[in-house]
Undergrad: 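Let me begin by handing over the structure; questions about it come next.
All values below come from the heavy atoms of this structure, side chains included, with hydrogens, waters and symmetry mates left out. In this chain, residues are counted from 1 in sequence order. All figures in this text were calculated on a predicted structure; none of them were measured in a lab.
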Amino acid sequence: MTDLTTLTATELLDGYRKGEFSPVEAIRAALDRAERIQPEVNAFVRILAEEASAQAEASRERWRRGEPAGPLDGVPVTVKDILLLKGHPTLRGSKSVDPSGSWDEDAPAVARLREAGAVFVGKTTTPEYGWKGVTDSPLTGVTRNPHDPSRTAGGSSGGSAAAVALGAGPLSLGTDGGGSVRIPAAFCGIFALKPTYGRVPLYPASAFGTLAHVGPMTRDAADAALLLDVIGVPDSRDWSALGPADGSFRAELDRGVRGLRVAYSPSLGGQVAVRPGVAAAVRRAVERLAELGAYVEEADPDFTDPVDAFHTLWFAGAAQVTRRLGADRREALDPGLREICAEGARYTALDYLAAVDVRMELGRRMGRFHDTYDLLLTPTLPITAFEAGAEVPAGSGHRRWTGWTPFTYPFNLTQQPAATVPVGTDGDGLPVGLQVVAARHRDDLVLRAGHALRDWS
(Lines give C-alpha, C1' and ligand atoms only; values in the text may rest on other atoms or scores of the structure.)
Protein backbone atom coordinates (compact mmCIF):
# COMPACT_ATOMS: atom_id res chain seq x y z
CA MET A 1 0.00 0.00 0.00
CA THR A 2 1.16 3.53 -0.78
CA ASP A 3 2.74 5.40 2.13
CA LEU A 4 0.48 8.46 2.17
CA THR A 5 3.08 10.54 4.02
CA THR A 6 5.29 10.45 0.91
CA LEU A 7 2.65 11.97 -1.38
CA THR A 8 2.41 15.60 -2.41
CA ALA A 9 -0.80 17.56 -1.95
CA THR A 10 -1.43 17.23 -5.68
CA GLU A 11 -1.12 13.43 -5.43
CA LEU A 12 -3.35 13.25 -2.35
CA LEU A 13 -6.07 15.26 -4.08
CA ASP A 14 -5.87 13.00 -7.12
CA GLY A 15 -6.27 9.97 -4.86
CA TYR A 16 -9.29 11.49 -3.11
CA ARG A 17 -10.86 12.24 -6.47
CA LYS A 18 -10.37 8.67 -7.67
CA GLY A 19 -11.51 7.14 -4.38
CA GLU A 20 -8.17 5.35 -3.85
CA PHE A 21 -7.96 6.60 -0.26
CA SER A 22 -9.66 9.21 1.89
CA PRO A 23 -8.69 12.30 3.88
CA VAL A 24 -9.19 10.26 7.07
CA GLU A 25 -6.44 7.84 6.03
CA ALA A 26 -4.16 10.69 4.99
CA ILE A 27 -4.65 12.55 8.26
CA ARG A 28 -4.12 9.44 10.34
CA ALA A 29 -0.84 8.87 8.51
CA ALA A 30 0.26 12.49 8.95
CA LEU A 31 -0.65 12.55 12.64
CA ASP A 32 1.13 9.28 13.27
CA ARG A 33 4.22 10.64 11.54
CA ALA A 34 4.03 13.89 13.52
CA GLU A 35 3.87 11.99 16.81
CA ARG A 36 6.76 9.73 15.86
CA ILE A 37 9.13 12.48 14.67
CA GLN A 38 8.42 14.88 17.51
CA PRO A 39 10.72 13.32 20.17
CA GLU A 40 13.72 13.43 17.82
CA VAL A 41 13.34 16.60 15.73
CA ASN A 42 10.96 18.73 17.86
CA ALA A 43 9.06 20.21 14.91
CA PHE A 44 5.80 20.97 16.74
CA VAL A 45 4.59 23.34 19.41
CA ARG A 46 1.38 21.33 19.51
CA ILE A 47 -0.20 18.53 17.47
CA LEU A 48 -3.94 18.94 16.93
CA ALA A 49 -4.92 15.28 16.71
CA GLU A 50 -8.55 15.47 17.83
CA GLU A 51 -9.39 18.56 15.82
CA ALA A 52 -7.61 17.30 12.70
CA SER A 53 -9.40 13.96 12.90
CA ALA A 54 -12.79 15.68 13.04
CA GLN A 55 -11.89 17.92 10.11
CA ALA A 56 -10.79 14.87 8.12
CA GLU A 57 -14.07 13.05 8.81
CA ALA A 58 -16.01 16.05 7.52
CA SER A 59 -13.78 16.21 4.46
CA ARG A 60 -14.32 12.52 3.73
CA GLU A 61 -18.06 13.07 3.71
CA ARG A 62 -17.74 16.00 1.32
CA TRP A 63 -15.64 13.90 -1.07
CA ARG A 64 -18.18 11.06 -0.84
CA ARG A 65 -20.88 13.49 -1.94
CA GLY A 66 -18.66 14.82 -4.71
CA GLU A 67 -18.73 18.26 -3.10
CA PRO A 68 -15.23 19.17 -1.88
CA ALA A 69 -15.15 22.49 -0.03
CA GLY A 70 -12.25 23.85 -2.05
CA PRO A 71 -9.01 23.07 -3.84
CA LEU A 72 -7.25 21.75 -0.70
CA ASP A 73 -10.07 19.76 0.86
CA GLY A 74 -8.64 17.08 3.12
CA VAL A 75 -4.97 18.00 2.63
CA PRO A 76 -2.87 17.95 5.84
CA VAL A 77 -1.23 21.30 6.56
CA THR A 78 0.91 22.74 9.33
CA VAL A 79 1.20 26.37 10.42
CA LYS A 80 4.20 28.15 11.90
CA ASP A 81 3.46 29.38 15.40
CA ILE A 82 3.87 33.00 14.31
CA LEU A 83 0.54 32.95 12.44
CA LEU A 84 -2.84 33.01 14.18
CA LEU A 85 -4.84 29.77 14.17
CA LYS A 86 -8.30 30.18 15.67
CA GLY A 87 -8.84 28.36 18.94
CA HIS A 88 -5.16 27.88 19.75
CA PRO A 89 -2.54 30.15 21.35
CA THR A 90 0.08 31.64 19.04
CA LEU A 91 3.06 31.86 21.39
CA ARG A 92 5.74 32.90 18.86
CA GLY A 93 8.36 30.80 20.62
CA SER A 94 8.25 33.09 23.64
CA LYS A 95 7.50 32.75 27.33
CA SER A 96 6.50 36.42 27.19
CA VAL A 97 3.23 35.67 25.36
CA ASP A 98 0.20 34.97 27.55
CA PRO A 99 -1.48 31.78 26.28
CA SER A 100 -4.79 32.54 28.03
CA GLY A 101 -6.12 35.00 25.46
CA SER A 102 -9.25 34.46 23.40
CA TRP A 103 -7.38 33.43 20.21
CA ASP A 104 -10.55 33.78 18.16
CA GLU A 105 -9.17 34.81 14.79
CA ASP A 106 -7.29 33.19 11.89
CA ALA A 107 -4.45 34.93 10.07
CA PRO A 108 -5.44 35.67 6.44
CA ALA A 109 -3.52 32.74 4.94
CA VAL A 110 -4.88 30.39 7.61
CA ALA A 111 -8.43 31.60 6.92
CA ARG A 112 -7.99 30.88 3.21
CA LEU A 113 -6.74 27.36 4.03
CA ARG A 114 -9.74 26.75 6.27
CA GLU A 115 -12.13 27.92 3.53
CA ALA A 116 -10.38 25.60 1.05
CA GLY A 117 -10.97 22.58 3.30
CA ALA A 118 -7.39 22.01 4.49
CA VAL A 119 -6.90 19.99 7.68
CA PHE A 120 -4.66 21.48 10.38
CA VAL A 121 -2.19 18.93 11.78
CA GLY A 122 -0.45 21.31 14.17
CA LYS A 123 1.51 24.47 14.94
CA THR A 124 5.24 24.33 14.20
CA THR A 125 8.23 25.68 16.08
CA THR A 126 9.95 29.02 15.64
CA PRO A 127 12.75 30.88 17.38
CA GLU A 128 11.45 33.61 19.66
CA TYR A 129 9.43 36.06 17.52
CA GLY A 130 11.12 34.55 14.45
CA TRP A 131 14.24 36.63 15.06
CA LYS A 132 17.02 34.37 13.72
CA GLY A 133 17.95 31.87 11.00
CA VAL A 134 17.89 28.78 13.23
CA THR A 135 15.06 27.33 15.30
CA ASP A 136 15.53 27.14 19.04
CA SER A 137 13.75 29.10 21.74
CA PRO A 138 13.43 29.38 25.51
CA LEU A 139 9.86 28.10 25.15
CA THR A 140 10.23 25.00 22.96
CA GLY A 141 13.93 24.15 22.89
CA VAL A 142 15.89 23.06 19.82
CA THR A 143 14.41 21.91 16.49
CA ARG A 144 16.66 19.47 14.65
CA ASN A 145 17.43 18.53 11.08
CA PRO A 146 15.59 15.49 9.66
CA HIS A 147 18.73 14.40 7.77
CA ASP A 148 20.98 14.56 10.84
CA PRO A 149 19.42 15.40 14.21
CA SER A 150 22.74 16.68 15.54
CA ARG A 151 22.35 19.60 13.12
CA THR A 152 19.97 22.52 12.92
CA ALA A 153 16.83 22.52 10.79
CA GLY A 154 17.50 26.19 10.06
CA GLY A 155 15.00 28.92 10.75
CA SER A 156 13.04 30.70 11.51
CA SER A 157 10.43 28.36 9.95
CA GLY A 158 12.46 25.33 11.02
CA GLY A 159 9.58 23.33 12.45
CA SER A 160 7.62 23.70 9.22
CA ALA A 161 10.58 22.58 7.11
CA ALA A 162 11.22 19.52 9.27
CA ALA A 163 7.53 18.59 9.30
CA VAL A 164 7.22 18.72 5.51
CA ALA A 165 10.51 16.90 4.96
CA LEU A 166 9.47 14.05 7.26
CA GLY A 167 5.92 13.62 5.95
CA ALA A 168 3.81 15.23 8.67
CA GLY A 169 1.74 16.99 5.99
CA PRO A 170 2.85 18.08 2.50
CA LEU A 171 2.01 21.78 2.97
CA SER A 172 3.08 24.32 5.56
CA LEU A 173 2.78 28.06 6.06
CA GLY A 174 6.00 29.80 7.04
CA THR A 175 7.11 33.39 7.39
CA ASP A 176 10.20 35.00 5.89
CA GLY A 177 11.73 38.31 7.00
CA GLY A 178 15.33 37.62 6.01
CA GLY A 179 15.29 34.10 4.60
CA SER A 180 13.09 32.30 7.09
CA VAL A 181 11.31 29.96 4.68
CA ARG A 182 14.29 29.59 2.33
CA ILE A 183 16.97 28.88 4.95
CA PRO A 184 15.27 25.90 6.66
CA ALA A 185 13.91 24.57 3.37
CA ALA A 186 17.44 24.50 1.93
CA PHE A 187 18.82 22.81 5.07
CA CYS A 188 16.01 20.23 5.11
CA GLY A 189 15.81 19.52 1.37
CA ILE A 190 12.38 20.90 0.46
CA PHE A 191 10.95 23.70 -1.71
CA ALA A 192 9.91 27.08 -0.32
CA LEU A 193 8.80 30.37 -1.82
CA LYS A 194 8.99 33.87 -0.43
CA PRO A 195 6.41 35.52 -2.69
CA THR A 196 6.43 39.12 -3.81
CA TYR A 197 5.68 41.28 -0.79
CA GLY A 198 1.92 41.68 -0.36
CA ARG A 199 0.99 38.69 -2.53
CA VAL A 200 0.04 36.80 0.65
CA PRO A 201 -1.66 39.13 3.16
CA LEU A 202 -0.31 39.25 6.71
CA TYR A 203 -2.25 40.13 9.85
CA PRO A 204 -1.48 41.15 12.51
CA ALA A 205 1.11 43.37 10.87
CA SER A 206 4.68 42.37 11.63
CA ALA A 207 6.90 44.65 13.71
CA PHE A 208 9.53 43.85 11.09
CA GLY A 209 7.36 45.80 8.67
CA THR A 210 7.62 45.26 4.95
CA LEU A 211 10.52 42.83 5.32
CA ALA A 212 8.06 40.15 6.49
CA HIS A 213 6.44 37.75 4.00
CA VAL A 214 4.21 34.67 4.35
CA GLY A 215 5.17 31.81 2.07
CA PRO A 216 4.47 28.20 1.07
CA MET A 217 6.78 25.42 2.27
CA THR A 218 6.21 22.25 0.27
CA ARG A 219 7.92 19.27 -1.33
CA ASP A 220 7.88 20.78 -4.81
CA ALA A 221 6.99 23.82 -6.87
CA ALA A 222 3.69 22.36 -8.06
CA ASP A 223 2.39 22.16 -4.50
CA ALA A 224 3.71 25.67 -3.79
CA ALA A 225 1.81 27.01 -6.78
CA LEU A 226 -1.35 25.21 -5.66
CA LEU A 227 -0.99 26.70 -2.17
CA LEU A 228 -0.19 30.18 -3.47
CA ASP A 229 -3.33 30.14 -5.62
CA VAL A 230 -5.31 29.61 -2.40
CA ILE A 231 -3.56 32.03 -0.02
CA GLY A 232 -2.46 34.72 -2.48
CA VAL A 233 -5.69 36.71 -2.46
CA PRO A 234 -6.47 40.07 -0.81
CA ASP A 235 -7.60 40.40 2.79
CA SER A 236 -9.02 43.68 4.11
CA ARG A 237 -7.00 43.41 7.33
CA ASP A 238 -3.71 43.96 5.46
CA TRP A 239 -3.44 47.51 4.13
CA SER A 240 -0.42 46.54 1.97
CA ALA A 241 -1.90 43.44 0.33
CA LEU A 242 -1.78 43.24 -3.44
CA GLY A 243 -4.85 42.86 -5.60
CA PRO A 244 -5.85 39.49 -7.04
CA ALA A 245 -3.24 37.68 -9.12
CA ASP A 246 -3.63 37.72 -12.86
CA GLY A 247 -4.54 34.08 -13.36
CA SER A 248 -3.43 30.85 -11.71
CA PHE A 249 0.18 30.21 -10.73
CA ARG A 250 -0.42 26.50 -11.09
CA ALA A 251 -1.63 26.92 -14.66
CA GLU A 252 1.68 28.57 -15.62
CA LEU A 253 3.99 25.80 -14.40
CA ASP A 254 4.30 23.80 -17.60
CA ARG A 255 5.46 26.78 -19.65
CA GLY A 256 8.96 25.82 -18.57
CA VAL A 257 12.14 27.87 -18.87
CA ARG A 258 12.85 27.76 -22.59
CA GLY A 259 13.85 31.23 -23.79
CA LEU A 260 14.16 32.77 -20.33
CA ARG A 261 17.17 35.02 -19.77
CA VAL A 262 18.96 33.73 -16.68
CA ALA A 263 21.85 35.22 -14.72
CA TYR A 264 23.89 32.82 -12.59
CA SER A 265 25.82 34.47 -9.76
CA PRO A 266 27.86 31.82 -7.90
CA SER A 267 29.14 34.19 -5.20
CA LEU A 268 27.57 37.65 -5.73
CA GLY A 269 30.69 38.84 -7.47
CA GLY A 270 33.15 37.19 -5.10
CA GLN A 271 31.50 38.62 -1.99
CA VAL A 272 30.54 35.19 -0.59
CA ALA A 273 32.74 32.15 0.08
CA VAL A 274 30.69 29.11 -0.93
CA ARG A 275 31.61 25.59 0.15
CA PRO A 276 32.74 23.44 -2.79
CA GLY A 277 30.06 20.77 -2.30
CA VAL A 278 27.34 23.43 -2.33
CA ALA A 279 28.81 25.21 -5.35
CA ALA A 280 29.02 21.96 -7.33
CA ALA A 281 25.41 20.95 -6.66
CA VAL A 282 24.13 24.41 -7.57
CA ARG A 283 26.17 24.55 -10.77
CA ARG A 284 24.77 21.19 -11.91
CA ALA A 285 21.23 22.51 -11.45
CA VAL A 286 22.06 25.69 -13.37
CA GLU A 287 23.45 23.58 -16.22
CA ARG A 288 20.24 21.57 -16.23
CA LEU A 289 18.17 24.74 -16.74
CA ALA A 290 20.41 25.59 -19.70
CA GLU A 291 19.78 22.11 -21.12
CA LEU A 292 16.05 22.82 -20.81
CA GLY A 293 16.37 25.87 -23.04
CA ALA A 294 17.11 28.80 -20.73
CA TYR A 295 19.73 31.31 -21.90
CA VAL A 296 22.16 31.18 -18.97
CA GLU A 297 25.22 33.32 -18.39
CA GLU A 298 27.31 34.16 -15.36
CA ALA A 299 26.42 37.69 -14.25
CA ASP A 300 26.36 39.40 -10.87
CA PRO A 301 23.80 41.90 -9.62
CA ASP A 302 25.29 45.32 -9.00
CA PHE A 303 25.20 45.67 -5.23
CA THR A 304 27.39 45.30 -2.19
CA ASP A 305 26.29 43.52 0.96
CA PRO A 306 23.39 45.55 2.49
CA VAL A 307 23.72 43.85 5.88
CA ASP A 308 24.12 47.05 7.89
CA ALA A 309 20.88 48.46 6.51
CA PHE A 310 19.14 45.15 7.09
CA HIS A 311 20.36 45.06 10.68
CA THR A 312 19.04 48.56 11.32
CA LEU A 313 15.57 47.61 10.10
CA TRP A 314 15.60 44.15 11.67
CA PHE A 315 16.99 45.09 15.07
CA ALA A 316 14.68 48.09 15.33
CA GLY A 317 11.75 45.79 14.58
CA ALA A 318 12.86 43.40 17.30
CA ALA A 319 13.08 46.27 19.77
CA GLN A 320 9.54 47.28 18.85
CA VAL A 321 8.27 43.72 19.42
CA THR A 322 9.59 43.63 22.99
CA ARG A 323 9.46 47.26 24.11
CA ARG A 324 6.41 46.84 26.37
CA LEU A 325 7.78 43.83 28.24
CA GLY A 326 8.52 44.20 31.91
CA ALA A 327 11.96 43.49 33.34
CA ASP A 328 11.10 39.92 34.37
CA ARG A 329 9.77 38.95 30.93
CA ARG A 330 12.64 40.70 29.17
CA GLU A 331 15.11 38.69 31.25
CA ALA A 332 13.47 35.46 30.03
CA LEU A 333 14.09 36.31 26.35
CA ASP A 334 16.60 34.47 24.19
CA PRO A 335 19.94 36.17 25.07
CA GLY A 336 20.68 36.90 21.41
CA LEU A 337 17.27 38.51 21.00
CA ARG A 338 17.92 40.68 24.05
CA GLU A 339 21.18 41.83 22.47
CA ILE A 340 19.68 42.88 19.15
CA CYS A 341 16.72 44.56 20.90
CA ALA A 342 19.14 46.68 22.93
CA GLU A 343 21.01 47.61 19.77
CA GLY A 344 17.80 48.35 17.88
CA ALA A 345 16.54 50.61 20.66
CA ARG A 346 19.60 52.85 20.23
CA TYR A 347 18.90 53.64 16.58
CA THR A 348 17.48 57.05 15.74
CA ALA A 349 14.80 57.89 13.20
CA LEU A 350 17.55 59.19 10.93
CA ASP A 351 19.40 55.85 11.20
CA TYR A 352 16.22 54.08 10.19
CA LEU A 353 15.59 56.40 7.25
CA ALA A 354 19.19 56.02 6.07
CA ALA A 355 18.59 52.24 5.99
CA VAL A 356 15.42 52.84 3.98
CA ASP A 357 17.50 54.86 1.50
CA VAL A 358 19.86 51.90 1.07
CA ARG A 359 16.87 49.66 0.58
CA MET A 360 15.35 51.87 -2.11
CA GLU A 361 18.64 52.08 -4.01
CA LEU A 362 19.01 48.30 -3.84
CA GLY A 363 15.50 47.97 -5.24
CA ARG A 364 16.34 50.32 -8.08
CA ARG A 365 19.47 48.36 -8.95
CA MET A 366 17.62 45.06 -8.96
CA GLY A 367 14.83 46.55 -11.04
CA ARG A 368 17.37 47.54 -13.68
CA PHE A 369 19.04 44.14 -13.45
CA HIS A 370 15.76 42.45 -14.32
CA ASP A 371 15.40 44.63 -17.40
CA THR A 372 18.13 42.35 -18.77
CA TYR A 373 17.50 39.07 -16.94
CA ASP A 374 14.25 37.26 -16.16
CA LEU A 375 15.82 35.24 -13.35
CA LEU A 376 18.78 35.42 -11.01
CA LEU A 377 20.21 32.15 -9.69
CA THR A 378 22.42 31.84 -6.62
CA PRO A 379 23.07 29.26 -3.95
CA THR A 380 20.39 29.61 -1.29
CA LEU A 381 23.09 29.36 1.37
CA PRO A 382 26.88 29.07 1.14
CA ILE A 383 26.91 26.18 3.62
CA THR A 384 24.88 23.15 4.68
CA ALA A 385 23.30 22.56 8.08
CA PHE A 386 25.60 22.98 11.09
CA GLU A 387 25.31 22.02 14.75
CA ALA A 388 21.90 22.36 16.36
CA GLY A 389 21.40 24.93 19.11
CA ALA A 390 23.90 27.48 17.77
CA GLU A 391 23.12 30.76 16.01
CA VAL A 392 26.29 30.57 13.89
CA PRO A 393 28.59 27.69 12.89
CA ALA A 394 31.42 27.00 15.33
CA GLY A 395 34.63 28.67 14.27
CA SER A 396 32.94 30.75 11.55
CA GLY A 397 33.78 34.09 13.11
CA HIS A 398 30.22 35.29 12.49
CA ARG A 399 28.51 37.21 15.26
CA ARG A 400 24.92 37.01 14.01
CA TRP A 401 22.96 34.66 11.76
CA THR A 402 23.13 37.13 8.87
CA GLY A 403 26.83 36.29 8.53
CA TRP A 404 26.05 32.95 6.92
CA THR A 405 22.86 33.95 5.02
CA PRO A 406 24.17 36.62 2.58
CA PHE A 407 22.12 35.31 -0.35
CA THR A 408 18.70 35.58 1.32
CA TYR A 409 18.07 38.85 3.18
CA PRO A 410 18.86 41.22 0.25
CA PHE A 411 15.66 40.03 -1.42
CA ASN A 412 13.55 40.81 1.61
CA LEU A 413 14.83 44.37 1.31
CA THR A 414 13.77 44.46 -2.35
CA GLN A 415 10.50 42.52 -1.80
CA GLN A 416 11.19 40.27 -4.80
CA PRO A 417 9.92 36.70 -5.11
CA ALA A 418 12.64 34.21 -4.21
CA ALA A 419 12.47 30.44 -3.87
CA THR A 420 14.80 27.68 -2.81
CA VAL A 421 14.78 24.49 -4.86
CA PRO A 422 16.35 21.25 -3.56
CA VAL A 423 19.18 20.34 -5.96
CA GLY A 424 20.94 17.42 -4.31
CA THR A 425 23.44 17.07 -1.50
CA ASP A 426 26.99 17.94 -0.59
CA GLY A 427 29.70 15.37 0.12
CA ASP A 428 28.27 14.68 3.57
CA GLY A 429 24.79 13.88 2.27
CA LEU A 430 23.28 17.15 3.50
CA PRO A 431 20.75 18.99 1.32
CA VAL A 432 21.72 21.91 -0.91
CA GLY A 433 19.35 24.57 -2.22
CA LEU A 434 19.38 26.69 -5.38
CA GLN A 435 17.86 30.16 -4.95
CA VAL A 436 15.73 31.47 -7.82
CA VAL A 437 14.89 35.19 -7.82
CA ALA A 438 12.69 37.21 -10.20
CA ALA A 439 11.48 40.78 -10.51
CA ARG A 440 8.64 41.86 -8.24
CA HIS A 441 5.29 40.37 -9.29
CA ARG A 442 6.92 37.60 -11.35
CA ASP A 443 6.32 34.78 -8.89
CA ASP A 444 5.20 32.74 -11.88
CA LEU A 445 8.73 32.69 -13.31
CA VAL A 446 10.24 31.53 -10.03
CA LEU A 447 7.71 28.71 -9.79
CA ARG A 448 8.24 27.71 -13.43
CA ALA A 449 11.99 27.36 -12.87
CA GLY A 450 11.45 25.36 -9.70
CA HIS A 451 8.99 23.07 -11.48
CA ALA A 452 11.41 22.55 -14.36
CA LEU A 453 13.91 21.06 -11.87
CA ARG A 454 11.41 18.57 -10.40
CA ASP A 455 12.60 14.99 -9.92
CA TRP A 456 16.08 15.95 -11.08
CA SER A 457 18.23 16.27 -7.98
Side-chain angles (χ1 to χ4, degrees), residues 127 129-134 155-156 175-183 194-198 202 205-215 240 263 265 267-273 300-323 336-370 376 378-382 391-392 396-418 435 437-440:
Y129 295 105
W131 81 271
K132 59 183 175 180
V134 294
S156 62
T175 63
D176 189 316
S180 288
V181 299
R182 289 161 289 156
I183 295 164
K194 177 188 75 67
T196 299
Y197 179 80
L202 179 60
S206 172
F208 298 110
T210 56
L211 295 172
H213 302 59
V214 177
S240 62
S265 180
S267 61
L268 294 180
Q271 296 182 77
V272 184
D300 301 309
D302 178 27
F303 67 79
T304 55
D305 188 354
V307 68
D308 291 337
F310 179 80
H311 280 171
T312 299
L313 300 172
W314 192 253
F315 295 178
Q320 172 67 13
V321 166
T322 60
R323 71 187 180 94
L337 178 57
R338 282 204 310 271
E339 289 177 13
I340 72 163
C341 288
E343 188 170 342
R346 291 193 293 269
Y347 294 139
T348 67
L350 290 178
D351 293 330
Y352 195 93
L353 290 173
V356 171
D357 283 345
V358 171
R359 181 181 193 178
M360 291 190 293
E361 174 59 16
L362 178 61
R364 183 193 70 81
R365 287 171 183 259
M366 286 308 303
R368 292 297 300 272
F369 184 83
H370 286 291
L376 168 66
T378 74
T380 305
L381 296 164
E391 183 186 345
V392 300
S396 67
H398 300 310
R399 181 167 174 265
R400 296 265 77 105
W401 62 271
T402 44
W404 53 270
T405 60
F407 292 111
T408 59
Y409 56 77
F411 305 108
N412 292 81
L413 290 167
T414 62
Q415 303 185 339
Q416 295 171 248
Q435 181 171 237
V437 183
R440 292 175 72 245

Undergrad: For Glu343, enumerate each residue passing the side-chain contact (heavy atoms from CB on, under 4.5 Å) test, keeping only those at least two apart in sequence or located in another chain.
TA: Phe315, Arg346, Tyr347, Arg399
Undergrad: Answer yes or no: does atom CZ of Arg368 have more than 12 heavy-atom neighbours from other residues, nucleotides or ligands under 6.0 Å?
TA: no
Undergrad: Once side-chain contact (heavy atoms from CB on, under 4.5 Å) is applied, do any residues pair with Ala263, and if so which ones, sequence neighbours excluded?
TA: Ala299, Phe369, Tyr373, Leu376
Undergrad: Using 0.5 Å steps for rounding, measure from the CG atom of Leu268 to the CG atom of Asp305.
TA: 8.5 Å
Undergrad: Rounded to the nearest 0.5 Å, what separates atom NZ in Lys194 from atom CG in Leu211?
TA: 9.5 Å
Undergrad: Pick one: which of Phe208, Trp131, Tyr129 meets ring-ring contact (aromatic ring centres under 6.0 Å, His included) with Trp314?
TA: Phe208
Undergrad: In Å and rounded to the nearest 0.5 Å, what is the NZ to OG1 distance from Lys132 to Thr405?
TA: 13.5 Å
Undergrad: By side-chain contact (heavy atoms from CB on, under 4.5 Å), which residues pair with Arg323, not counting sequence neighbours?
TA: Gln320
Undergrad: Residues in ring-ring contact (aromatic ring centres under 6.0 Å, His included) with Tyr197, at least two apart?
TA: His213
Undergrad: Going by the rule side chain to side chain donor-acceptor pair (under 3.5 Å), which residues pair with Arg440 if we only count those two or more places apart in sequence or in a different chain?
TA: none
Undergrad: Minimum heavy-atom separation for Cys341 and Ala318, please, with both atom names.
TA: SG-O, 3.3 Å
Undergrad: Go through the structure and list residues passing side-chain contact (heavy atoms from CB on, under 4.5 Å) with Thr348, not counting sequence neighbours.
TA: Leu350, Asp351
